[in-house]
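Below, chain A is the first sequence line, B the second, and so on; all start at residue 1.
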Protein chains: 2
Amino acid sequence: MRGVTGGTTQLRVDAQHNRDRIVASARETFAAVGLDVSMTEIARRAGVGVATLYRRFPTKESLVTEVFADQLTNCAAVVHDALDDPDPWRAFCRVVGELCEMQSRDRGFSAAFLSRFPNALPVDEERARAEEAFARLVLRAKESGRLRPDFTPEDLNLVLMANNGLVADSVEATVAASRRLVAYFLQAFQAGDPLPPPVPLGLADALG
Amino acid sequence: MRGVTGGTTQLRVDAQHNRDRIVASARETFAAVGLDVSMTEIARRAGVGVATLYRRFPTKESLVTEVFADQLTNCAAVVHDALDDPDPWRAFCRVVGELCEMQSRDRGFSAAFLSRFPNALPVDEERARAEEAFARLVLRAKESGRLRPDFTPEDLNLVLMANNGLVADSVEATVAASRRLVAYFLQAFQAGDPLPPPVPLGLADALG
DNA sequence: GCTCAAGTGGAGGGAGCCTTCCGCTTGTCG
DNA sequence: CGACAAGCGGAAGGCTCCCTCCACTTGAGC
């Protein structure tokens, strides 16, 4: 009997090697092109046959899930790290800016994050904790007086969906556009007197 | 010989009828679902065969062009009408708000406007005139002191692309989200002291 | 070194898409 | 009314995609 890790049977070393190459290839390709890449293409880039790919990931959705699970973890880390910042407004700004930049650098992640595949991210618990942390961040920023009182944590979805709409020819151009967008948003989020309409949504899933 | 209108041979009356139904059906369907509708589906909803559709519109792109040409005209009208408003800031706000609402109400139009089909809108001249009018509007709003000096007319693309990213379950929910987004944008566009980074782009075409 | 389950690659099935082809129908004009 | 070009519907071609099947290979444990 082979070794066991976390309850899952250990793969043969060559199989593990192939699996790693698949994930790496998929990550790169999704980031560069988006989720509209054929499984055949991913397999080709990884130097394996499609059957090998499907043996590890029985569906395309499961591959997407695997590939972006840890990137979601990175997102959560950004939020949690920001909680250590003594300046609540700066922490808030950093979270918004860094999340948008991550999103802009990775087209596939944008799509996955906004759940083009509805159940693609079963890391719901982690996501929920991150959202809770962000809500705490929002509260502190409001108490500091820099963040407008009618900002709601759900507005982060608004920001991310809006940011997801930005696409330019190159990644750098996209990131530059994203920076300007974020700068405008942060302007608006600072305590200004007039008020935008209240929270309307119920936003569910988006794609692009 | 049949009558001639604008250099194009007149269609037979039944053919014209079918053509009208095709365009109407395509408009509705694109608006509701987006551009990812099969030609077969459009033909079915119009009550004609695919061949009839292809006789009028030899390619899907040509159909998209036809369907959205006049909606682009509507956009241009919004901008030109705003020039009559004596209050430059209000005119500016109206243009931004109305364009975003039109975009949010019509998913297909969003996609077509941001030129998923690169040459889909050969109405370039009209578009250019509208952009010029908007630039004039921006200038006036700046002179009135309400619009921040570092706003550039290209920022309208930023707004529209961002707005295009918003998708909710229902049209009304999407429009509501769009309203909040626009309110935030208009906050930011008012003369605030800190400055976002300068114009970076170079944005070319977007899809979602 | 032998055995065999685990692993592999490539062909191909089934579905959906855009587009074309072709034999039949119908409005239009003399 | 009669002739015929214009118009018509639906089948089918060609393409891509996700996914499955199956005969062959290879690493792991004795």
Inset, instruction - Using only heavy-atom distances, determine whether the side chains of R27(B) and Q71(B) contain a donor-acceptor pair under 3.5 Å. - result: no
Inset, instruction - Measure the distance from CD on Q16(B) to P on dG7(D) and round it to the nearest whole Å. - result: 10 Å
Inset, instruction - Report the distance from atom NE2 of H17(B) to atom P of dC8(D), rounded to the nearest whole Å. - result: 10 Å
Legend entry - Pairs flagged by side chain to side chain donor-acceptor pair (under 3.5 Å) wherever residues 45-57 of chain A is involved - sequence neighbours left out: E41(A)-R45(A)
Legend entry - Modelled atom types, side-chain donor and acceptor of E172(B) and S170(B), under 3.5 Å: no
Inset, instruction - Figure out the CZ/C1' separation between R21(B) and dC8(D), and round it to whole Å. - result: 13 Å
Legend entry - dA6(D) base / R12(B) side chain donor-acceptor hit below 3.5 Å: yes
Legend entry - Closest-nucleotide ordering on DNA chain D, the 5'-leading residue of A15(B) and Y54(A): A15(B)
Legend entry - Results of salt bridge (charged side-chain N to carboxylate O under 4.0 Å, His left out) for R19(B) - residues two or more places apart only: E66(B)
Legend entry - Which nucleotide in dG27(C), dC18(C), dC18(D) has an atom nearest any side-chain atom of K60(A): dC18(D)
Inset, instruction - Respond yes when some side-chain nitrogen or oxygen of R56(B) is under 4.0 Å from OP1 or OP2 of dC8(D), and no when none is. - result: yes
Inset, instruction - Select from V13(B) and V37(B) the residue whose nearest nucleotide in DNA chain C is closer to the 5' end of that strand. - result: V37(B)
Inset, instruction - Under the side-chain hydrogen bond (donor to acceptor under 3.5 Å, both in side chains) rule, collect the residues that match up with D85(A), sequence neighbours excluded. - result: R90(A), R94(A)
Legend entry - With sequence neighbours excluded, residues passing side-chain contact (heavy atoms from CB on, under 4.5 Å) with L186(B): F92(B), C93(B), V96(B), V182(B), F189(B)
Inset, instruction - Check whether any side-chain nitrogen or oxygen of T59(A) sits under 4.0 Å from OP1 or OP2 of dC18(D), and answer yes or no. - result: no
Inset, instruction - Quick one, give me the B/S/- string for nucleotides 9-16 of chain C, reading 5' to 3', where B means a protein heavy atom under 4.0 Å from the base and S means that only happens at the primed atoms, P, OP1 or OP2. - result: BBB-----
Legend entry - R55(B) side chain near dT19(C) phosphate (N/O to OP1/OP2, under 4.0 Å): no
Inset, instruction - Send over the distance from I22(B) CD1 to dG7(D) P, rounded to a whole Å. - result: 12 Å
Legend entry - Spacing between D14(A) atom CG and dA5(C) atom C1', to the nearest angstrom: 13 Å
Inset, instruction - Would you jot down, in residue-number order, the residues of residues 24-34 of chain B having a non-hydrogen atom under 4.0 Å from DNA chain D? - result: none
Legend entry - Spacing of L11(B) atom CG relative to dC8(D) atom C1', expressed in whole Å: 14 Å
Inset, instruction - Output, in order, the C-alpha distance, side-chain angles, deciding distance and verdict of side-chain contact (heavy atoms from CB on, under 4.5 Å) for E101(B) and R179(B). - result: CA-CA 8 Å; E101(B) 172 144 1; R179(B) 291 229 176 87; 3.1 Å; yes
Legend entry - Whole-Å distance separating the CZ atom of F57(B) from the P atom of dT20(C): 15 Å
Inset, instruction - Would you tell me whether E126(A) and T73(A) have side-chain atoms, one donor and one acceptor, within less than 3.5 Å of each other? - result: yes
Legend entry - Taking every non-hydrogen atom, the tightest pair across L72(A) and F109(A): N-CE1, 4.0 Å
Inset, instruction - Compute whether any side-chain donor of one residue and acceptor of the other, for T59(B) and E61(B), lie under 3.5 angstrom apart. - result: no
Legend entry - Whole-Å gap separating C1' (dC29(C)) and CD (Q10(B)): 15 Å
